[in-house]
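Every chain is numbered from 1 and lettered A, B, ... according to where its sequence line falls, protein lines coming before strand lines. This structure is a prediction, so every number in the text was calculated from the model and none was measured.
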Amino acid sequence: MKSYIQVAFNLPTEKFFWYRLSSDFKEKPEIGQRVVVPLGKKEKVGFVVNVSSKKPEGKLKEMIGFFDRFSPFSSSLFQLASWITDYYGCSLGQALHSVFPHPFPYEEKIDFSLSHPQENSTLKKEVYLINPGEQKIELFLSWIRENKKINKQVLILVPEISLTCAFEEKIEKWGVKSVIFHSKLPPRERYRRWLAMKKGEVDVVVGTRSVVFSPLPNIGLTLIDEEQSIDYKQKETPKYGVREVATKRGEIENFPVYLVSGSPSLDSWYKAQKGVYRLFNIPEKEKTSSHLTTDMHRPSSFFIVDVKKEKKKNRIFSSLLQEKIKEALERGFPVLVFVPRRGYANFLLCSDCGEVIRCPNCNISLSFHLKKEMLCHWCGFQKEAPLTCPFCEGISVRKIGWGTQRVELEAKKIFPAARVERFDLDVFKLSPHLISQRIKNKEVDILVGTQLLIKEEIISMVNVVGVILLDVLLNVPDFRATERTFHLLNKIRHSQKKGSFLIVQTYNPTYYVLNKEGEEFYSEELKIRETLGYPPFQRWIRILFEGRTKNKVKDKCEKIAEELEKKNLDFLGPSPCPFLQIKGQYRYHIILRDDGTKTKFLEESIKKAIPRTMRGSVKLGIDVDPLIIT
DNA sequence: AGCACGCCGACT
DNA sequence: GTCGGCGTGCTC
């Protein structure tokens, strides 16, 4: 019997293409299987999305061959990809591409005759928000055992690779069959583990973002650990969020999703308040009815230092921070100094003419580094620091602000006997585990570094944590800056051991992020978001325009805005992005807003008003539920 | 996304 | 006159 296939490509086009199959091919094509076909003048790999025995209309070319021996997509994963297409505004080919388990060998033929899922869930297929408290690992284990009993698997998602390692060690001892999965595994190993998952030979899978597409045949529960993490958002098209994808998959495959965090995202917190998510009470932990970890559970002491009141020479290390570090060092305890910026100084400013030295590609100020000198943190542009001001030739070029290098030198000056070490993107990268080993072996006294030191494994090893200037984090141009600072402070405080100190230096000691805890903070932040029409009160869809000519970008953006206006949609802009220029590209955006009443309508209107492909010199990107607006 | 085709400005 | 930028349309 003759057969015909319809193929979707990883291209920004809605279209599918029909091909004829020569009778030489004995195997039946499967939905989701990759095939090689001619497209235009080239051969391309695409996904089978339809199989038919009836001849379709129009001219046809012949399929060249199968690329794989079978399709890696179950029908539910294929369905999930279709949903991604609708929700995140990409083509089906693009969605399938991102769900596809790369790399995938094409020479093997495997028959998956599987036992089919039995409906026997202990919980309804809902989303639960859980504060795990101290017993996290034990809770996870009990859930895994519960599901193992009914022949179901548990999927555990963690924000980054280093956290999978922590599980790996513990799971060994549990006596359950597990698979660790992330993108840094060698290709052969990835495929071996993919097969183990597909065959259902495991009880639990622990992995990073893409594991939400694990081929497990019979998922009983998906856990998203540290659900507030920004690492759960995919940066490439389709820019999906793991929380949303896991929830959708739970709906399709009938399993509950547990969002696990002691510091949940404002989004999830709000949804739990509204009853969209359920709050899950941990029975044996009745001491707290709250779903947030509050002060009484935090063993460390917390101090806020008002930098305004410090003597000028103590602006980097306040007298209190110096005192606490000295005390710790005398008792042989290590300390950690958190600096939100790498480099020596944040920018160079001429105090004669007021000009700042900027990146020619990004127009943001260049950081001053000791070895590389002027460096752009966005695009990597590098040049020598000028001796005189390039604008007025004056000699009063001053270094403003301080980064890790400056703080490292200052620490060496104040504590000459201590062994000071710097950890940031500019020094050779050590894994969090190796850093904590160095602390354990007493090889370092003062650790100076950026965000990459803020790991439970490291924080729990030190006696004092000093935050040099919190204001740098609070003032990044993003409406979620306060929330992210809140999570950071929580993370430090949750990770610290008993009897340790957290000292935060700031020019704004009365700011609410420092003075409101738990529910109080959430309701304050929600009030602000509601007044301004920000998420989670409005669902946002950001449409980003990029190109080399500023006016063309602006014009295209305005043209689309007119289309949206005609459809009576509510949106912000068009406006230049917070960083107008990055890597030489000018950027404008429109932010569509949905108050929850017209979600379906909005999605359809976007399809009509916005061409998926923006041709010419302006590129277009769609970001549904954007997380960082830059 | 590629690639071709076709339209206008500035070159030997 | 034609080389080449880029805007537009098509690929089964």
Tell me: [atom1] of [X] to [atom2] of [N], nearest whole Å?
X: A/L11; N: B/dG2; atom1: CG; atom2: P; value: 7 Å
X: A/K61; N: C/dC10; atom1: NZ; atom2: P; value: 15 Å
X: A/W18; N: C/dC12; atom1: CH2; atom2: P; value: 15 Å
X: A/I64; N: C/dC12; atom1: CD1; atom2: P; value: 11 Å
X: A/N50; N: C/dC12; atom1: CG; atom2: P; value: 18 Å
X: A/F17; N: B/dG2; atom1: CZ; atom2: P; value: 14 Å
X: A/M63; N: C/dT11; atom1: CE; atom2: P; value: 21 Å
X: A/K556; N: C/dC6; atom1: NZ; atom2: P; value: 12 Å

Pull out every residue in residues 19-44 of chain A that has a heavy atom closer than 4.0 Å to any atom of DNA chain C, ordered by number, or say none. A/Y19, A/P38, A/L39, A/G40
Base, sugar-phosphate alone, or nothing: which one does A/K552 contact when heavy atoms must sit under 4.0 Å apart? sugar-phosphate
Ignoring hydrogens and geometry beyond distance, is a side-chain donor-acceptor pair present between A/S261 and A/Q228 at under 3.5 Å? yes
Among C/dG7, C/dC6, C/dT11, the nucleotide that comes nearest once only the side chain of A/S617 is considered: C/dG7
Apply side chain to side chain contact (heavy atoms under 4.5 Å, CB included) to A/K248 and list each qualifying residue two or more places apart in sequence or on a separate chain. A/L80, A/W83, A/E251, A/I252
For residues 548-580 of chain A, which residue pairs qualify under ring-ring contact (aromatic ring centres under 6.0 Å, His included), counting only residues two or more places apart or in two chains? A/W378-A/F579
Could you give all pairs that pass the ring-ring contact (aromatic ring centres under 6.0 Å, His included) test and reach residues 223-245 of chain A, with sequence neighbours left out? A/F213-A/Y240
Strictly by salt bridge (Lys or Arg N to Asp or Glu O under 4.0 Å), give each pair with a member in residues 90-100 of chain A just once, sequence neighbours left out. none
Pairs of donor and acceptor atoms involving the side chains of residues 40-55 of chain A, under 3.5 Å and at least two apart or interchain, shall be tabulated with distances.
| from | atom 1 | to | atom 2 | distance (Å) |
| --- | --- | --- | --- | --- |
| A/N50 | ND2 | A/Q6 | OE1 | 3.0 |
| A/S52 | OG | A/K54 | N | 3.0 |
| A/S52 | OG | A/K54 | O | 3.2 |

